[in-house]
Amino acid sequence: MALIVHKYGGTSMGSTERIRNVAKRVAKWARAGHQMVVVPSAMSGETNRLLALAKELAPAKTTDSYSRELDMLAATGEQASSALLAIALQAQGLESVSYAGWQVPIRTNSAYTKARIESIEDTKVRADLEAGRVVIVTGFQGLDELGNITTLGRGGSDTSAVAVAAAMKADECLIYTDVDGVYTTDPRVVPEARRLQTVSFEEMLEMASMGSKVLQIRSVEFAGKYKVKLRVLSSFTPWDIDINEEAASGTLITFEEDEHMEQAIVSGIAFSRDEAKISVLGVPDKPGIAYQILGAVADANIEVDVIIQNMSKDGRTDFSFTVNRGDYAKTIDLLNDTVLPKLGALEVAGDAKICKVSIVGIGMRSHVGVASKMFRVLSEEGINIQMISTSEIKTSVVIDEKYMELAVRSLHKAFELEQAPA
Ligand code: ASP
Ligand code: MG
């Protein structure tokens, strides 16, 4: 008997028929003798629908009071799907109970719409499991110190599931989704993309941070920190397939570079269109400028990624960085209104039509020339690189978004990702 957490995405919960299917699958696992905690997303489209209603009534504001109500609103999506799943399980003859985040409780900080989980109280859930119930815990939401409902950011149900698995020391956390695993790249861009049997936790972290939508990045961070055994698999296999076959399908996120790991130098190509570039031009080059610019941006809760500071000329330098495209206008305004006058910089400029493409692989640690091969491939395609950043296991470039698909396809081919490594 094991303690297993299942997470079902919005598509898997998309209709009553699909919810019934999920219930049958969960029932199969419970009847095999496992203690089951299930974390569902809202039915597909529901979170968007709810947030669009808010927009109809008032344009998006960044005030806390507005964000608080967005969380009140969006959290209902998961509450509904969780209750429906508990009902469907009961109809399958299983005892089941659903809890909203605040009932568990899953405690978070107060950063509405992007709250972070701080702790999970597992007493209630454990008691239910001991009593033989399947426990459904809403994804995506929690409770802050002051008793407000919070949500964890889009795609946050993955993080809920992994956090619950970590808190309960579950044997495994299975993320059921509409794809059957983690691919070398998005098969919609490269049809030859290949499913990985295993991917290391560090590679997964890089891929998730780069816009691979398979797992929310926070969930991978959690899995790494608490060593949660994590598997991504399809919820569209027939619910009654052999449980052992199911348990071995999809992609396993591994922690060790053991002999089961595929030995590729580059494991995947990640990309994100959701990027924008911002430059502060003519900044007087003196100590503290990076802090003044990026400190102000961080205080506004805006995440910064690639950062470049140019060599200075005549005592002035240019400072560029990327942010999520959704934060583009806000960042430009912030810099113009507060940072520019204080710094005595000349101008803020930006470009929201860029994208980021990365090659990712733990094999890059022990091989030289991988990045230069990437640059060669891009140059052969005539693609101009605007920014570069590297880590031990990743090289990223910022390029014009119109070349994104060409870049991804050429790199996938050049690194022979369509073939399993020998
Ligand atoms: N329902 C939320 C969303 O659409 C959370 C999730 O699905 O993971 O972002
Ligand atoms: Mg998701």
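Here the structure is a predicted model, which is why all the values come from computation and not from measurement. Whatever order the structure lists them in is the order used to number ligands and atoms, beginning at 1. Hydrogens, waters and symmetry mates play no part in the numbers below; they use all other heavy atoms, side chains included.
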Is atom CH2 of W29 surrounded by more than 12 heavy atoms (other residues, nucleotides or ligands) closer than 6.0 Å?
-> yes
Distance-only side-chain donor-acceptor flag, T150 / D71, under 3.5 Å = no
Contact (N/O only, under 3.5 Å) between T47 and ligand 1 | yes
Where on E46 is there a heavy atom closer than 4.0 Å to ligand 1, on the side chain, on the backbone, on both, or on neither?
-> neither
Any side-chain donor near an acceptor of the partner, E121 and T123, under 3.5 Å | yes
For S41, the atoms of ligand 1 under 4.0 Å from one of its heavy atoms are 6 (C), 7 (O), 8 (O)
Is the closest heavy-atom distance from G10 to ligand 1 below 4.0 Å?
-> no
What atoms in ligand 1 come closer than 4.0 Å to a heavy atom of R154?
-> 3 (C), 4 (O), 9 (O)
Examine E78 against ligand 1 and note whether any of their N/O atoms are separated by less than 3.5 Å.
-> yes
T11 and D178: side-chain donor and acceptor closer than 3.5 Å?
-> yes
If hydrogens are left out, which of G77, S157, S219 has an atom nearest to atom 8 (O) of ligand 1, that is, the closest non-hydrogen atom?
-> S157
Sequence neighbours excluded, the answer for salt bridge (charged side-chain N to carboxylate O under 4.0 Å, His left out) partners of D122 is R126
T151 and Q141 side chains, donor-acceptor separation under 3.5 Å = no
Below 3.5 angstrom, do we get any N/O pair linking G155 and ligand 1?
-> yes
